[in-house]
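Each chain gets a letter, A, B and so on, in the order its sequence line appears, and its residues count up from 1.
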2 protein chains.
Amino acid sequence: MNNKELQSQRMKRYFIDAAKEILAEDGVKKLSVRKVGDRAGYSYATIYNYFRDVNELLTYCLADMLEDAYRALIAEKEEGLDPRVQLIRYGERYFSYFSENPVLFQLLFIEDLGTEPEEVTEKMGDLPSVGQLLIESIAACAMAGYILEDEVEVLAELIASSIHGKLLFVLKRRSLESQDVVLKKIRSEIRYLIRRKR
Amino acid sequence: MNNKELQSQRMKRYFIDAAKEILAEDGVKKLSVRKVGDRAGYSYATIYNYFRDVNELLTYCLADMLEDAYRALIAEKEEGLDPRVQLIRYGERYFSYFSENPVLFQLLFIEDLGTEPEEVTEKMGDLPSVGQLLIESIAACAMAGYILEDEVEVLAELIASSIHGKLLFVLKRRSLESQDVVLKKIRSEIRYLIRRKR
DNA sequence: ATAATGAATTTAACAGTGTTAATAATATGA
DNA sequence: TCATATTATTAACACTGTTAAATTCATTAT
């Protein structure tokens with residue numbers, strides 16, 4: 001019966017949207033199943049008819065947020081742009097997007113949501129890995145002669161992990177620096193790494 | 001009355017040690033004030049006579065762990081060693097120490113323990129910042145002619161945040177790579193970054 | 001239309017959490 | 001030894017996620 005499936009999807013959507021609202025307003029820590037049920041207009045126990053547990057619900061939220069994140073990142077793509085400039089744009093956008101969406105960072109990198117349901121893993125796997133765009137444009141930098149072919153791998157790792165490290169510091173306020181200052185650092189780091197060695 | 005102070009210190013120590021044991025065995029998430037009280041041989045409520053809340057207790061645990069961490073790191077210092085080799089050792093040890101002590105990473109970078117009590121902030125501030133050693137040996141690399149003076153800052157930032165980024169991935173098992181593989185990456189990254197540009 | 005069956009939802013309950021106020025036990029000083 | 005502080009414990013509160021039982025609702029058959 002396909003109606004069942006449709007209705008089930010809608011119910012899930014109510015809870016997911018309610019959860020996303022609460023996440024945006026109060027953060028991960030202050031979310032509770034009772035709040036989600038309340039906001040969705042149902043009892044808290046109803047949630048368990050549609051999700052295995054609260055982690056599964058949060059995983060669906062994460063998948064949603066990842067789609068948005070990917071769209072925001074890919075919007076920075078500009079055909080014909082110098083690959084070095086393109087790379088810097090990706091790096092900046094990647095960092096600033098997580099800065100502005102700390103809940104996404106929390107759910108993706110910090111929180112332990114356990115084994116994701118297949119449906120969501122697919123969704124997340126189908127999207128080119130967020131870091132993939134970085135790698136592509138670094139490869140393009142090699143093609144353009146900025147760097148050597150055999151530098152691509154190490155540089156990709158370096159830039160990606162550096163950005164993630166800075167995100168960790170900024171979002172967990174271990175760093176006192178403003179996001180602006182860190183953004184500049186990312187720019188200058190990439191400029192430093194991607195240039196013809198004389 | 002100085003006896004009071006001494007007794008209070010001892011009581012704190014009982015709870016701190018009990019908490020550290022539980023942290024080592026079960027991790028941060030499974031720790032509870034009732035377990036700590038049990039293990040320390042007191043009622044759970046007694047804890048609140050010595051600590052403002054559980055976060056304060058955890059902050060004391062963190063301070064303890066940081067002392068050990070600093071000792072482990074500084075043990076890698078070897079006078080007269082080539083600064084590039086010294087830097088690689090620091091990087092490796094820094095990474096592997098957190099890998100082997102994920103609770104330390106959790107408490108230091110992930111968990112939000114709120115405003116630390118002054119007593120502990122001092123303790124942590126007195127210790128040369130853990131990353132400080134890295135910076136020193138990078139500066140030494142400049143002195144030795146491996147890199148230019150004006151590269152020190154960007155390289156220090158780059159190496160530090162890269163290691164933290166990798167730690168985040170490994171410890172939150174976002175990365176499927178073994179710690180061994182990541183360790184090799186750290187080595188090769190530092191080797192790549194610290195060398196005379198021809 | 002009415003009764004019966006099955007599905008969806010809610011209420012009640014459980015075991016756990018951190019924290020606080022009132023009570024019990026202990027140690028201190030006169 | 002008795003009165004007074006100090007310290008420790010018990011009981012309680014307001015939460016949390018989760019499950020089982022009870023209830024409501026919708027659909028189908030008579």
To the nearest angstrom, how far is [X] atom [atom1] from [N] atom [atom2]?
{"X": "L57(A)", "N": "dT18(D)", "atom1": "CG", "atom2": "P", "result": "10 Å"}
{"X": "E111(A)", "N": "dG17(D)", "atom1": "CD", "atom2": "P", "result": "12 Å"}
{"X": "F15(B)", "N": "dT19(C)", "atom1": "CZ", "atom2": "P", "result": "14 Å"}
{"X": "E5(A)", "N": "dA7(C)", "atom1": "CD", "atom2": "P", "result": "15 Å"}

E153(B) atom CD, over 12 foreign heavy atoms within 6.0 Å: no
Contact pattern, 5' to 3', of nucleotides 8-18 of chain C - B, S or - by protein heavy atom under 4.0 Å: -BBBBB---SB
Estimated bend of the helix from dT9(C)-dA22(D) to dA30(C)-dT1(D) (axis per five terminal pairs, rounded to 10 degrees): 30°
Candidate pair Y60(A) and F15(A), rule ring pair (Phe, Tyr, Trp, His ring centres under 6.0 Å), full reasoning: CA-CA 10 Å; Y60(A) 278 94; F15(A) 290 118; over 10 Å; no
Side-chain donor or acceptor of E21(B) paired with backbone N/O of V36(B) under 3.5 Å: no
Stepwise salt bridge (Lys or Arg N to Asp or Glu O under 4.0 Å) check, D17(B) with R13(B): CA-CA 6 Å; D17(B) 288 342; R13(B) 178 50 49 193; 3.1 Å; yes
Heavy-atom closest pair, residues F109(B) and K172(A): O-CG, 3.0 Å
Under 3.5 Å side-chain donor-acceptor pair for E76(B) and Y94(B): no
Cationic N near anionic O, under 4.0 Å, R89(A) to D82(A): no
Pair listing, side-chain hydrogen bond (donor to acceptor under 3.5 Å, both in side chains) test, anchored in residues 26-38 of chain A, at least two apart: none
